[in-house]
Amino acid sequence: MQRSALIPRAFPILAWGLALHSLLITLLFGWFGLPADLVRAIAGWRDVALFALLVYVLIRAVTGRGMGTQITFTDFWVAGLFCLGLLFLAGENAWLRTGLPVKVELMGLRSSVFFFLIYFVGRAGPQLAEDESAMRQIFTLVVVTCVIGILERFFLPPEGLVALGVAAYFQDFLGASVMTAGNVYGLPQNYWAGIGGHMVRRAGSVYLGGQGFAVPFLLFFPIATAWVVGRPHRTKWQIVGYVLVCFAFLLTLTRMTIIVGCLQLVLFVLMRRRAEWAVAALAVAGALFLVALVLLPGFSAFLWYTLSGQEVSTAGHLNDLWNGIIALLERPWGYGLGTADAAAARAGLTHITGDNLFLTYGVELGLAGLMLLILVLGSIAGHALTVFRDSGNGPSRLVGLSIWLATLGIFVNGMTAVVFNSIVFGWLYFWLAGSIVTLSERLRVATRSEHQLELTPVG
């Protein structure tokens, strides 16, 4: 058995490809004017790449050249969720009498469960979490996209985004015109946030939208923090890069994700046994909050409307939450793939629920899908905590902590957003999670072997 050199080499290529995917497709369709069918074929590169990596991993396993990893319950939960999606694809129209077009079902399968399979690629490549290469590559990617986001926010007007083809990409290519209502530019609504009665522009980076830019920070922010704060030595340029990351994160103006980021930061320093850093972080956050109350007009009213549920987006979240709960209670066996959130909107259907990760899976795949999703995330969190606790002081300890914090972010932010709509976040999270699960199992086996040796009588 030997380690694969392809998987760690493929990781940065896929990471950069996913980060630049939306911008590339936008330029090809909206700027260069290539035919939609051709651009859609090009956009399928990531699915082809995932399939090729899976075939590669399977061949190595069958021929005995793989890593020889132990099967875990997490593997069953991930495979079970994917198989459940396949069952719905094959028979939901016959069983549930939904009459959904095949195109909608395939879109639902792709957005809900297909990308989970990259977890098994991570299982075959634990070296990603054992050295600093993955963290360094992600930190570089985050800094670059954050610099682009900052420059875009201040130097590229909405007219420039339209000229690049962003409006055409969402309206004509994705068919998501419902997401562009409410502004004269035809751009996605999430390019702006209402604060105190004023519409404030968000940073969107290469992800084409403030929320699309914000969600990957559920993984990126813990890894950037671990890379700069968690190591004993850091350069001044890394510190400057981290400051830029924090600034760009705040420019997303995405309240729940920023709150989760603050929570991740506090938990990071507490888990690293740096309680004084946590106190300092809370003091700085409190000072910034007071400054915002004084200097930002309408901020206090915005805060009150948010907490009381009167703010427009908050009211929308609550409405979708209520609709999702009612729908899940009425049909606990599910409504079928593509009936919730963005997949339904892109297909021109009235979505049953949205803005909630767990209810989206519950509505589409029933209680079985909801429970499997919770089991997948809970199991990954347990393995990540094991790696953080038992792997010493190497890079894997920081990656384990980052995945644990990202999983916590999914549970919290998932209550107000379908975070896996971000392909960058979903794909990279499950790839790294697979690596962490493999490391966790090896630590468990090593601990058991040491315990058995201690119990073996001498002589």
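Along the sequence shown, residues are numbered consecutively beginning with 1.
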W431 and L53: CA distance, side-chain angles, deciding distance, side chain to side chain contact (heavy atoms under 4.5 Å, CB included) verdict: CA-CA 11 Å; W431 190 331; L53 286 171; 4.0 Å; yes
Given D355, T416, L359, the one that forms side-chain contact (heavy atoms from CB on, under 4.5 Å) with L321: L359
Intermediate values then yes/no, side chain to side chain contact (heavy atoms under 4.5 Å, CB included), V121 and L54: CA-CA 6 Å; V121 178; L54 286 172; 3.9 Å; yes
Over all atoms of both residues, closest heavy-atom pair of S396 and E130: CB-CA, 4.4 Å
Sidechain-backbone polar pair: R153 side chain, S205 backbone, donor-acceptor under 3.5 Å: no
Donor-acceptor contact present, side-chain T74 to main-chain I380, <3.5 Å: no
Proximity of F430 and F420 rings by center, below 6.0 Å: yes
Inter-residue atom distance I374.CD1 - S379.OG, 0.5 Å rounding: 13.0 Å
R202 charged N/C atom sitting above F213 aromatic ring, 6.0 Å / 45°: no
Under 3.5 Å side-chain donor-acceptor pair for Y242 and T225: yes
Reported CE-to-CD distance for the pair M256 and Q211, which is rounded to 0.5 angstrom: 11.5 Å
Main-chain N/O of A214 paired with T257 side-chain donor or acceptor, under 3.5 Å: no
Exercise: do Q70 and R442 side chains pair donor with acceptor under 3.5 Å: no
Side chain to side chain contact (heavy atoms under 4.5 Å, CB included) evaluation trace for N413 with I259: CA-CA 9 Å; N413 207 163; I259 291 172; over 6 Å; no
R231, CZ atom: more than 12 neighbouring heavy atoms under 6.0 Å: yes
Atom CZ of F73 with >12 non-hydrogen neighbours under 6.0 angstrom: no
Note, T235 side chain near I239 side chain (heavy atom, < 4.5 Å): no
Side chain to side chain contact (heavy atoms under 4.5 Å, CB included) assessment of Y119 paired with V376: CA-CA 11 Å; Y119 160 86; V376 167; over 6 Å; no
Student check: side-chain heavy atoms of L428 and F11 closer than 4.5 Å: yes
NZ/NE/NH1/NH2 to OD/OE distance under 4.0 Å, E152 and R201: yes
Ring-ring centroid check F29 Y169, cutoff 6.0 Å: no
Residue pair A384 / I436: nearest heavy atoms and the distance that separates them: CA-CG2, 3.6 Å
Pair S112-E364, side-chain donor/acceptor within less than 3.5 Å: yes
Atom CZ of F411: over 12 foreign heavy atoms under 6.0 Å: yes
Pairwise distance NE2(H21) to CH2(W427) - rounded to 0.5 angstrom: 9.0 Å
Polar side-chain atom of N190 near backbone of G209 as donor-acceptor pair, under 3.5 Å: no
Min side-chain heavy-atom separation T252-I258 under 4.5 Å: yes
Atom pair CZ (F139) and CD (E132), whose distance is rounded to the nearest 0.5 Å: 12.5 Å
T438 OG1 to E441 CD distance, which is reported to the nearest 0.5 Å: 8.0 Å
F388 six-ring face occupied by R397 cation (under 6.0 Å, within 45°): yes
Test item: S422 side-chain N/O and V419 main-chain N/O as donor-acceptor pair under 3.5 Å: no
Distance-only donor-acceptor check, side chains Y429 and T407, under 3.5 Å: yes
N/O donor-acceptor pair under 3.5 Å between D75 side chain and T72 backbone: yes
Residue pair L14 / W45, side-chain heavy-atom distance below 4.5 Å: yes
Closest contact, heavy atoms only, R110 versus G44: NH2-CA, 4.2 Å
Note, T180 side chain near Q189 side chain (heavy atom, < 4.5 Å): no
Audit row: F249, F217, ring-ring contact (aromatic ring centres under 6.0 Å, His included) steps and yes/no: CA-CA 7 Å; F249 190 13; F217 276 94; 4.4 Å; yes
Heavy-atom closest contact (V113 atom, F82 atom, distance): O-CD1, 3.8 Å
Y185 and L161, any side-chain heavy atoms less than 4.5 Å apart: no
Closest non-hydrogen atom pair between H383 and S440, with its separation: ND1-OG, 2.8 Å
For the student: nearest non-hydrogen atoms of L267 and L405, plus distance: CB-CD2, 3.8 Å
L263 and L408, any side-chain heavy atoms less than 4.5 Å apart: yes
L151 side chain near L156 side chain, heavy-atom distance below 4.5 Å: no
Atom pair CE (M271) and CH2 (W404), whose distance is rounded to the nearest 0.5 Å: 4.5 Å
